[in-house]
Protein chains: 4
Amino acid sequence: MLNRVVLVGRLTKDPELRYTPNGVAVANFTLAVNRPFSNQQGDREADFINCVVWRKPAENVANFLTKGSLAGVDGRVQTRSYDNNEGRRVYVTEIVADSVQFLEPRNSQNNQSNNSSNSQAAGGYDSNQNSNRQQGGYNDDPFANDGKPIDISDDDLPF
Amino acid sequence: MLNRVVLVGRLTKDPELRYTPNGVAVANFTLAVNRPFSNQQGDREADFINCVVWRKPAENVANFLTKGSLAGVDGRVQTRSYDNNEGRRVYVTEIVADSVQFLEPRNSQNNQSNNSSNSQAAGGYDSNQNSNRQQGGYNDDPFANDGKPIDISDDDLPF
Amino acid sequence: MLNRVVLVGRLTKDPELRYTPNGVAVANFTLAVNRPFSNQQGDREADFINCVVWRKPAENVANFLTKGSLAGVDGRVQTRSYDNNEGRRVYVTEIVADSVQFLEPRNSQNNQSNNSSNSQAAGGYDSNQNSNRQQGGYNDDPFANDGKPIDISDDDLPF
Amino acid sequence: MLNRVVLVGRLTKDPELRYTPNGVAVANFTLAVNRPFSNQQGDREADFINCVVWRKPAENVANFLTKGSLAGVDGRVQTRSYDNNEGRRVYVTEIVADSVQFLEPRNSQNNQSNNSSNSQAAGGYDSNQNSNRQQGGYNDDPFANDGKPIDISDDDLPF
DNA sequence: TTTT
DNA sequence: TTTT
């Protein structure tokens with residue numbers, strides 16, 4: 001069945017990069033996508049859409065995007081559920097990105113929250129590319145994400 | 001910003017049609033969209049995606065689709081939140097359909113749950129069309145939906 | 001950069017299956033997609049959109065779809081040019097399908113132009129699946145497509 | 001039937017704005033959309049996709065976008081044909097934009113080809129908005145587009 | 001819990 | 001709470 005989503009918006013926060021027990025990278029981020037029309041009160045609203053991306057593009061996202069970055073997402077709608085710590089079933093709808101597009105150069109006026117000295121003119125970099133840009137070597141270390149507890153499982157892998 | 005979703009799937013139940021206090025029609029339904037790949041256990045899963053549609057297409061949806069109907073949706077991702085009866089903030093992600101496509105004739109083998117005697121070959125009817133098909137006249141009666149409590153407000157209208 | 005197309009329509013003819021010199025399958029077909037609105041004269045028109053699909057899905061398309069079949073396409077817009085036999089540069093815009101969705105059972109009332117005796121209830125078969133359905137074994141024979149001259153090159157492969 | 005396209009790319013030239021005999025604005029432009037993968041020779045190619053947009057968004061496009069501007073398009077695939085001056089039938093496939101997204105501030109480094117002194121931070125302006133930005137008043141003058149011959153007809157209007 |  |  002067809003299931004396709006395309007979004008362009010700005011990250012509400014820096015992306016979160018984590019690793020499954022098997023060392024597969026996953027990044028989560030939220031896109032604020034402004035609506036093209038105003039509501040009854042006359043102001044523009046936005047949708048805050050949760051996105052997930054796996055593997056190499058996850059690492060590219062974590063390396064290139066920060067709070068405020070303009071990004072495009074091409075993916076699909078996914079629903080899943082889990083039982084929270086109160087024993088309640090929680091239903092989640094999120095976008096699984098097949099690819100993420102970086103629509104601004106790194107460190108443009110919109111994402112000065114990272115302080116890398118190495119600016120780069122992007123103009124359409126695709127997160128699906130392989131790259132030798134990551135300096136942290138965290139690729140080989142599932143716990144490199146500063147020891148944050150990992151609650152995602154390899155079963156969540158989209159394929 | 002861009003926000004576009006296209007889905008093709010089957011209704012998990014008959015759609016629910018309601019009216020705002022101002023008499024604007026809204027229909028809700030869930031599409032089961034089968035994934036194109038299998039999970040680690042080797043079985044095909046589906047995403048169960050909540051959809052909303054407003055005004056005339058809402059009534060067309062309620063008249064044409066039933067549990068099991070194959071339908072296409074062209075719309076956008078919307079997020080909103082409300083406080084539930086336990087005083088907790090609930091976050092909702094759903095698809096607001098601009099148009100809904102009926103991909104099967106009415107009363108095909110997949111939607112025999114309605115028992116109208118009036119079969120019709122569809123093959124691509126678009127819910128955006130006006131139509132004189134509704135017999136209930138509920139268009140003029142916001143309470144025609146058998147007295148079900150209406151908890152949606154006109155503020156939820158997408159435009 | 002983002003480039004995404006989703007279509008649902010009916011094949012205007014049986015698909016054409018061919019093979020590159022290296023034996024890679026390609027299928028071409030045209031989808032008639034009815035417009036959701038009428039023109040000034042009050043009649044509904046359609047767009048006739050040329051589609052290409054490669055590899056295994058190409059063979060599935062050739063096996064499952066015939067003139068009149070309802071199908072969904074998820075792909076991208078591609079432009080290319082070639083010099084025709086009059087030495088003129090011709091520009092082509094077409095859709096390269098990543099996946100093709102079969103939205104009707106084989107041999108439904110809309111695609112009786114093939115005369116296979118083996119009907120099958122489909123209801124959402126995805127062309128990306130591998131399958132053991134092809135009986136012709138043409139997979140190993142680049143000229144199996146009844147000796148038709150092959151004018152596509154392996155350079156046209158999308159990846 | 002479903003027909004949806006989403007593109008993000010850069011204009012290959014300044015857009016062309018024209019008016020039908022009835023004074024309806026139309027803008028044409030071509031988007032260069034880089035492919036996310038390299039070809040056999042290892043270089044990245046692009047698709048050059050012709051787009052049309054009507055009415056108010058046409059004027060916004062003409063006012064905001066220039067050669068090199070990064071833009072997003074949400075629209076549909078359209079095919080049409082006409083007889084050229086050699087009496088030959090020409091088939092055209094193009095994207096009819098429902099909305100065009102401006103993904104860069106006006107006069108950013110990528111579209112310095114216009115020399116307006118009035119820079120403006122955009123960050124996601126939607127061409128569908130009404131605006132009081134046009135100074136030329138060409139809205140009321142179908143020949144304001146410097147006398148260029150108009151070969152489009154009101155019959156080409158999408159609705 | 002939200003971006004420009 | 002899920003469809004074929």
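Note that the structure is a prediction, hence the values are computed from the model and not measured. Proteins come first, then strands; the chains are lettered A, B, ... in the order of their sequence lines, and each starts at number 1.
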From E:dT3, E:dT2, F:dT1, nucleotide with atom closest to A:Lys67 side chain | E:dT3
Atom pair distance, as rounded to whole Å: CD in B:Glu104 and C1' in F:dT4 = 9 Å
Over how many whole Å does the gap from B:Leu31 atom CG to F:dT4 atom C1' extend?
-> 13 Å
Out of E:dT2, E:dT4, F:dT2, which has the shortest distance to the side chain of B:Phe48?
-> F:dT2
Between E:dT4 (P) and A:Asn34 (CG): distance, integer Å | 10 Å
Carboxylate-amine/guanidinium contact B:Arg89 B:Asp83, below 4.0 Å | yes
Specify the separation, in whole Å, of atom OH of A:Tyr91 and atom P of F:dT2.
-> 6 Å
Side-chain atoms of B:Arg10 come closest, of F:dT3, E:dT2, F:dT1, to F:dT3
Spacing between A:Leu7 atom CG and E:dT3 atom C1', to the nearest angstrom = 14 Å
Electrostatic pair D:Glu104-D:Arg10, nearest N-O below 4.0 angstrom = yes
B:Thr12 side chain, from C-beta outward: closest of F:dT2, F:dT4, F:dT1 | F:dT2
Between CG of D:Leu70 and P of E:dT4 the distance, given in whole Å, is 18 Å
Whole angstrom is fine here: how far is it from CG in A:Asp47 over to P in E:dT2?
-> 14 Å
Side chain of A:Thr30 - closest among E:dT3, E:dT2, F:dT2 = E:dT2
Side chain to side chain donor-acceptor pair (under 3.5 Å) filter on A:Thr93, not counting sequence neighbours, yields none
CG of B:Asp43 versus P of F:dT3: gap in Å, rounded?
-> 15 Å
A:Asp47 with A:Arg35: basic N within carboxylate O range, under 4.0 Å = yes
